[in-house]
Amino acid sequence: MNLASIIQSLRPHKTVPITPWTAQGVWDLTPLRTAILFFGLAIFGLGDSLLIQAGIGNAPWTVFAEGLTLKTGLSIGWATFIISVSVMLLWIPLNERVGFGTISNIVIIAAFIQIGTIIFPKQNNFAIGVIFDFIGIALVGLGSALYITCGLGRGPRDGAMTGIHYKTGVRVGRVRMGIEVTVLIIGWFLGGTVGLGTALFALFIGQSVAIFLGLVARLTHKYV
């Protein structure tokens, strides 16, 4: 494989592709689809834990979760779980539909963030911290691509974003930015870690998800 073909294979995808495991409904379960969903969410959680253990700044929602742990004594996994459940409760007035993927998102990501913070060492070396951040961003992108293409329901944060968009008419990107900035500021005031890692996540997570959606699309298109 030459350089041009490698670059072509990493071309970001503009939409969510239909895959052999994409569901017809948010409770349309099969063993393969469920396994891919669980694997994607686990990878996502481990990627987020690498950002935490890098020690140079967390993703906005994890800044909030870390701040909550500092104020309550909860573990990062439990803080993430409680935040996710609380955000999902906002779906009630927004008329968003809970799916199997929504519930799985809340439980599995929180569990694997907690597992990752146990198995990955906390970094004091800045250079290794940056490496942890980029690996973490890649894993979050891969995990997102896998669980999104299952079509089993939005995660709590994504559902809140789209629900607010539909209720207010404000553009999705602006809604997402407003939510992320709000939780980042709250988390920062609670003592969560904001730094280079936060900026790297903001800059690259969108591209990471799009690249892995493209890889999934190109690897599976012949089977759809």
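These figures come from a predicted structure and were not determined experimentally.
With sequence neighbours excluded, the residues that form a salt bridge (charged side-chain N to carboxylate O under 4.0 Å, His left out) with Glu180 are Arg176. By the side-chain contact (heavy atoms from CB on, under 4.5 Å) test, Ala42 pairs with Ile108, Phe112, sequence neighbours left out. For Ile92, the side-chain contact (heavy atoms from CB on, under 4.5 Å) criterion is met by Leu89, not counting sequence neighbours. Legend: residues meeting salt bridge (charged side-chain N to carboxylate O under 4.0 Å, His left out) with Arg33, ordered by chain and number and at least two apart, are Asp28. Remark: Ser208 engages no residue in a side chain to side chain donor-acceptor pair (under 3.5 Å) (not counting sequence neighbours). For Thr193, the side chain to side chain donor-acceptor pair (under 3.5 Å) partners at least two apart in sequence or on another chain are Glu66. Residues satisfying the side chain to side chain donor-acceptor pair (under 3.5 Å) criterion with Thr30, sequence neighbours excluded, are absent altogether. Listed by chain and residue number, Val181, Phe189 satisfy the side-chain contact (heavy atoms from CB on, under 4.5 Å) test with Ile185 (two or more places apart in sequence, or in another chain). Taking Ser84 as the reference, Arg157 meet the side chain to side chain donor-acceptor pair (under 3.5 Å) condition, with sequence neighbours excluded. Contacts of Phe39 classified as ring-ring contact (aromatic ring centres under 6.0 Å, His included), with partners at least two apart in sequence or in another chain: none.
Between the side chain of Thr198 and the main chain of Ala59, no donor-acceptor pair closer than 3.5 Å is present. In terms of modelled atom types and a separation under 3.5 Å, the side chain of Trp188 and the main chain of Val63 share no donor-acceptor contact. Judged by distance alone, the side chain of Gln123 and the main-chain N or O of Ile128 form no donor-acceptor pair under 3.5 Å.
Placement of Leu142 and Phe201 within a single hydrophobic cluster is found when ILVMFWY residues are connected by side-chain heavy-atom separations under 4.5 Å, directly or transitively. No continuous path of hydrophobic side-chain contacts links Leu29 to Val98 [ILVMFWY only; heavy atoms under 4.5 Å]. Taking hydrophobic clusters as Ile, Leu, Val, Met, Phe, Trp and Tyr residues chained together by side-chain heavy-atom distances below 4.5 Å, Met88 does not share a cluster with Ile179.
The structure places CG of Leu51 at 12.5 Å from OG1 of Thr117, a figure rounded to the nearest 0.5 Å. Thr69 contributes atom OG1, which lies 5.0 Å from atom CD1 of Ile76 (distance to the nearest 0.5 angstrom).
Screening residues 92-104 for side-chain hydrogen bond (donor to acceptor under 3.5 Å, both in side chains) gives Glu96-Arg154, Glu96-Thr162 as the qualifying pairs, with residues at least two apart or on separate chains. Identified under the ring pair (Phe, Tyr, Trp, His ring centres under 6.0 Å) test for residues 62-90, with sequence neighbours left out: Trp78-Phe81.
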